[in-house]
Protein chains: 2
Amino acid sequence: MHAPDGSRLAALAALLADPTRAGVCLALLDGRAWTAGELARHTGVGASTISAHLTRLTEGGLLAQERQGRHRYVRLADAGAARLVETLASQAAPAADPPRTLRTSRANEALARARTCYDHLAGRLGCALTDAMTRRGLLRQDTGFALTEDGLAWFGDHSIPLERTRSRPLARPCLDWTERRTHLAGTAGAALCAHALNARWLTRIGSGRALRITDRGAQALGEALGLDADTLR
Amino acid sequence: MHAPDGSRLAALAALLADPTRAGVCLALLDGRAWTAGELARHTGVGASTISAHLTRLTEGGLLAQERQGRHRYVRLADAGAARLVETLASQAAPAADPPRTLRTSRANEALARARTCYDHLAGRLGCALTDAMTRRGLLRQDTGFALTEDGLAWFGDHSIPLERTRSRPLARPCLDWTERRTHLAGTAGAALCAHALNARWLTRIGSGRALRITDRGAQALGEALGLDADTLR
DNA sequence: CGGACGCTTCGTCCGCGAACGCACCGTCCA
DNA sequence: TGGACGGTGCGTTCGCGGACGAAGCGTCCG
């Protein structure tokens with residue numbers, strides 16, 4: 001075993017060093033599978049071009065694909081790939097020029113409010129949940145980033161199963177692009193997100209990664225975490 | 001505020017998408033400042049070439065530079081930059097072809113045994129320390145990654161000051177390239193490393209990032225963590 | 001069965017950027 | 001006050017790769 005040489009690192013970075021491929025990976029950060037055509041339209045590039053890019057990303061191990069009929073579905077390969085894109089995105093973020101059109105402004109506002117980040121919750125909602133959990137002593141951030149005993153119990157009380165795997169941390173921080181603060185990721189973050197969508201606490205807006213809080217969700221989150229979810233509507 | 005677009009992410013990734021620049025960043029992961037000439041020799045490239053690369057990396061915000069006389073010293077700009085390179089390196093790692101010469105084999109063995117990773121300890125030693133701390137209940141990894149109360153006290157007992165800053169976590173996991181496991185990073189990891197070097201528990205081998213355990217260090221680590229440091233010699 | 005559709009393959013064009021050598025500038029030392 | 005040395009700027013070369021369009025292939029649906 002030897003230290004990774006520059007060429008391997010460069011080859012991996014090169015996959016993300018193109019605006020189109022970077023746009024693809026950012027789009028896939030919503031954690032779902034997109035078709036090649038959707039990504040072509042989303043990045044504003046031809047069908048043949050996106051096809052080549054998806055092939056490169058897949059062969060590079062960043063994307064996983066699945067073919068269904070005449071569709072090619074791609075998604076981020078694993079949590080490691082998602083973490084890489086996240087890290088890059090949060091480090092690249094510091095541009096803050098105002099959006100130009102009302103339409104994109106609305107879309108950005110929705111994203112800033114609540115969205116998925118790969119498999120967990122982000123945006124103001126994600127941060128508010130994380131803060132509430134910290135305030136209630138379910139999560140500790142002052143000595144690192146970990147669930148407490150009370151936190152473990154909380155998940156149990158709400159029948160949210162926590163898979164304890166060796167390869168993936170139960171709780172880890174993820175830096176939020178819009179809030180510039182950390183929110184809950186890892187197995188627990190994913191479980192919470194899955195539960196919130198399953199129990200209809202949250203629903204997706206259209207087909208994107210933006211989320212909306214339901215009435216039931218506002219009530220449930222108010223009870224479970226003392227969160228004033230109305231302000232996040 | 002809006003989501004980072006592909007071009008920003010791509011521009012950042014492009015900085016690391018070149019073998020020479022990637023080699024520079026990996027070298028700088030030892031946390032120290034290198035001169036332009038050292039990096040040119042290290043990457044096997046001309047002086048003018050390395051100069052241009054260092055300028056690009058600095059302007060991109062990944063490197064910080066400092067001029068002393070006719071020397072140009074560069075180092076990684078901040079913990080964020082280091083984390084980015086780490087993440088990329090650990091994701092890129094899976095090549096394991098054996099080293100070709102005895103010389104590089106020796107060097108790799110030394111690196112695998114004990115080294116710095118930006119500002120904290122890595123290699124078998126770093127992982128062993130992290131494991132020992134976990135075993136002794138100073139560090140919890142099963143619910144995330146955080147120091148325990150006992151852990152905080154341990155740092156106090158050994159007069160290792162822990163700066164509690166808001167922007168940087170006290171403890172976070174860092175994936176080790178050689179061990180494929182996590183070791184302690186963050187403020188606590190940095191403080192431990194600094195203390196170990198200060199107290200001469202460890203010394204640098206030559207000018208690289210490899211470390212050697214001193215007799216005093218073996219004894220101190222044995223007492224403080226019950227670590228059998230002899231096996232790491 | 002035919003046509004629309006989603007994706008892929010191929011050929012082509014074109015621009016970016018990495019590397020080098022050389023001339024040059026400032027610094028350090030004998 | 002030279003001369004060696006570390007680093008910079010410029011001009012040149014050259015290969016890589018991203019984009020497009022056209023043609024082709026399999027899939028779905030009317």
Side-chain angles (χ1 to χ4, degrees), chain A residues 5-28 32-75 88 207, chain B residues 5-28 32-75 88 207:
Chain A
D5 58 330
S7 3
R8 294 215 137 253
L9 201 159
L12 178 59
L15 290 178
L16 295 161
D18 171 82
T20 304
R21 285 194 297 269
V24 165
C25 291
L26 283 173
L28 292 176
R32 294 176 309 148
W34 292 48
T35 67
E38 285 171 333
L39 289 169
R41 282 185 295 276
H42 181 260
T43 54
V45 96
S48 60
T49 304
I50 207 71
S51 177
H53 283 311
L54 295 183
T55 301
R56 275 197 67 179
L57 285 168
T58 304
E59 285 175 351
L62 283 182
L63 262 49
Q65 59 182 345
E66 211 169 319
R67 320 194 85 113
Q68 273 178 31
R70 56 182 167 179
H71 293 284
R72 177 193 203 174
Y73 284 95
V74 293
R75 53 185 168 76
L88 221 28
S207 61
Chain B
D5 57 328
S7 5
R8 293 214 137 255
L9 200 158
L12 178 58
L15 290 177
L16 295 161
D18 171 80
T20 304
R21 285 194 297 270
V24 166
C25 292
L26 283 174
L28 292 176
R32 294 177 309 147
W34 292 48
T35 67
E38 286 171 335
L39 289 168
R41 282 186 295 277
H42 181 259
T43 54
V45 95
S48 60
T49 304
I50 207 70
S51 177
H53 283 310
L54 295 183
T55 301
R56 273 196 69 180
L57 286 167
T58 304
E59 285 174 352
L62 283 182
L63 261 47
Q65 58 182 347
E66 208 170 321
R67 320 194 84 111
Q68 272 178 33
R70 56 182 167 181
H71 292 284
R72 178 193 203 174
Y73 284 95
V74 292
R75 54 186 168 75
L88 221 26
S207 62

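Letters go in sequence order (proteins before strands), and every chain restarts at 1.
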Chemist: At their closest point, which heavy atom of A:Ser7 faces which heavy atom of B:Pro19, and how far apart are they?
Modeler: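 That closest heavy-atom pairing would be CA-CB, 4.3 Å.
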
Chemist: Grab the CG-P distance between B:Leu39 and D:dT8 for me, whole Å please.
Modeler: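 Value for this atom pair: 12 Å.
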
Chemist: Look only at the side chain of A:Arg21 and the backbone of B:Ala10, and say whether a donor-acceptor pair between them is shorter than 3.5 Å.
Modeler: no

Chemist: Rounded to whole Å, how long is the line connecting atom CG of A:Asp18 with atom C1' of C:dG17?
Modeler: 14 Å

Chemist: A:Leu16 has an atom CG; how far is it from atom P of D:dG17, in whole Å?
Modeler: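 Atom-to-atom, A:Leu16 to D:dG17, this comes out as 15 Å.
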
Chemist: Under a 4.0 Å heavy-atom cut-off, which of residues 40-59 of chain B touch DNA chain D?
Modeler: B:Ala47, B:Ser48, B:Ser51

Chemist: Quick one: B:Arg67 CZ to C:dC25 P, roughly how many Å, whole number?
Modeler: 17 Å

Chemist: Consider side-chain contact (heavy atoms from CB on, under 4.5 Å). Of B:Val45, B:Val74, B:Thr35, B:Thr55, which one does B:Ile50 pass it with?
Modeler: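 Considering B:Val45, B:Val74, B:Thr35, B:Thr55, a side-chain contact (heavy atoms from CB on, under 4.5 Å) with B:Ile50 is found only for B:Val45.
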
Chemist: Atom CG of A:Leu26 and atom OG1 of A:Thr43: how far apart are they, to the nearest 0.5 Å?
Modeler: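 The OG1 atom of A:Thr43 is 11.5 Å from CG of A:Leu26, to the nearest 0.5 Å.
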
Chemist: Compare all side-chain heavy atoms of A:His53 with those of A:Asp18 and state whether any distance is below 4.5 angstrom.
Modeler: yes

Chemist: Please report, rounded to the nearest Å, how far the P atom of C:dG6 is from the OH atom of A:Tyr73.
Modeler: 11 Å

Chemist: Within a strict 4.5 Å, meaning less than it, do heavy atoms of the B:Leu39 and B:Thr20 side chains meet?
Modeler: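 A side-chain contact under 4.5 Å is absent here.
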
Chemist: Can you tell if the side chain of A:Leu54 reaches within under 4.5 Å of the side chain of A:Gln65, non-hydrogen atoms only?
Modeler: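 Of all side-chain heavy-atom pairs linking A:Gln65 with A:Leu54, none is under 4.5 Å.
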
Chemist: Ignoring hydrogens, what is the shortest heavy-atom contact between A:Arg32 and A:Arg75? Give both atom names and the distance.
Modeler: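 The pair with the smallest heavy-atom distance is O-CB, 3.8 Å.
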
Chemist: At under 4.0 Å, does any side-chain N or O of B:Arg72 touch on OP1 or OP2 of D:dG6?
Modeler: no

Chemist: Kindly indicate, with the supporting measurements, whether the criterion side-chain contact (heavy atoms from CB on, under 4.5 Å) is fulfilled by B:Leu12 and B:Leu15.
Modeler: CA-CA 5 Å; B:Leu12 178 58; B:Leu15 290 177; 4.2 Å; yes

Chemist: Quickly work out the B:Gln65 CD to D:dT8 C1' distance and round it to whole Å.
Modeler: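 The answer, rounded to whole Å, is 12 Å.
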
Chemist: Give each protein N/O atom lying under 3.5 Å from an N/O atom of nucleotides 26-30 of chain D, with the pair distance.
Modeler:
| from | atom 1 | to | atom 2 | distance (Å) |
| --- | --- | --- | --- | --- |
| D:dT27 | O2 | A:Arg70 | NH1 | 3.2 |

Chemist: What integer distance in Å separates B:Trp34:CH2 from D:dG7:P?
Modeler: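 My rounded result for the distance is 13 Å.
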
